[in-house]
Amino acid sequence: MKSDFFNQVYEVVRLIPAGRVTSYGAIAKCLGSPQSSRMVGYAMNAAHGQQPPVPAHRVLNRIGMLTGKHHFNPPESMQTMLEAEGLTIINDQVQNFKNQFWDPAIELEF
DNA sequence: AAGGTGACAGTTT
DNA sequence: TAAACTGCCACCT
């Protein structure tokens, strides 16, 4: 059993609806550690091969930039998957990021 | 066992 | 205004 912290992150990420994106900080905050955003990113690093798969491509930094695309295989698949969900990505940045933002702290409570 | 790293974010200079 | 530093906590060497 991995650390529950990671499992929490995976669960939240899997709840992200298609066509929506969120930030590491939002997830970290939802878990109760708003300053532990790095841990969320690190959890994503271990998200490879998780069951069910974790849509890590829907998790971006606070500015909507595909910072972790380099960790995908191939890296360009991240942008491809996001575009397939209806998102517009230019220069590794999600357009209308604020409009597509999905805040777990709000959506989950709703 | 201890130190260093990291897919970030917020604050300060 | 932009750039740089610190904080955070688990994983890896």
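Excluded from the calculations below are hydrogen atoms, water molecules and symmetry mates; all remaining heavy atoms, backbone and side chain alike, are included. Just so we're on the same page: letters track the sequence lines, and every chain starts at 1.
- One can place NZ of A:K29 at 17 Å from C1' of C:dG7, the figure rounded to the nearest angstrom.
- Minimum atom distance to the side chain of A:Q35 is reached by C:dC8, of the listed C:dC9, C:dC8, B:dC8.
- Residue A:S23 is in sugar-phosphate contact alone, with no base atom involved, counting any heavy-atom pair closer than 4.0 Å across all strands shown.
- Residue-level contact check: A:A56 touches the bases, meaning some heavy atom is under 4.0 Å from a base atom.
- Taking atom C1' on both nucleotides, C:dA3 is separated from B:dA7 by 22 Å, rounded to a whole Å.
- A:F97 has its CZ atom 13 Å from the P atom of B:dC8, to the nearest Å.
- The two residues A:F6 and A:A46 come nearest to each other via the heavy atoms CE2-CB, 4.0 Å.
- In plain terms, the two heavy atoms of A:V59 and A:M78 that are nearest each other are O-CE, 3.8 Å.
- Of the candidate nucleotides B:dG6, B:dC8, C:dA10, B:dC8 has the atom nearest to the side chain of A:N61.
- Residue-level contact check: A:H48 touches the bases, meaning some heavy atom is under 4.0 Å from a base atom.
- The two residues A:M65 and A:L60 have their closest heavy-atom pair at O-CB, 3.7 Å.
- Here B:dA7 presents its C1' atom at 4 Å from OH of A:Y24, a figure rounded to the nearest Å.
- You'll find a donor-acceptor pair under 3.5 Å spanning the side chain of A:R38 and the base of C:dC8, going by distance alone.
- Salt bridge annotation for A:R20-A:E85: absent, with no cationic side-chain nitrogen under 4.0 angstrom from a carboxylate oxygen.
- Counting heavy atoms of neighbouring residues, nucleotides and ligands inside a 6.0 Å radius, atom NE2 of A:H48 exceeds 12 of them.
- The interatomic distance linking A:D92 (CG) with B:dA7 (P) rounds to 15 Å, in whole Å.
- Taking the side chain of A:Y42 as heavy atoms from C-beta on, and the options C:dA10, B:dA7, C:dC9, the nearest nucleotide is C:dA10.
- As a whole-Å value, the separation of A:M39 CE from B:dC8 P is 11 Å.
- Computed from coordinates, the A:I27 CD1 to C:dA10 P distance equals 17 Å when rounded to whole Å.
- In this structure, A:D4 places its CG atom 15 Å from C1' of C:dC9, rounding to the nearest Å.
- A:R62 comes within 4.0 angstrom of sugar-phosphate atoms only, judged by non-hydrogen atoms across all strands, and of no base.
- Distances shorter than 4.0 Å separate none of the side-chain N or O atoms of A:S37 from OP1 or OP2 on B:dG10.
- Separating the OH atom of A:Y10 from the P atom of C:dC11 is a distance of 9 Å, rounded to the nearest angstrom.
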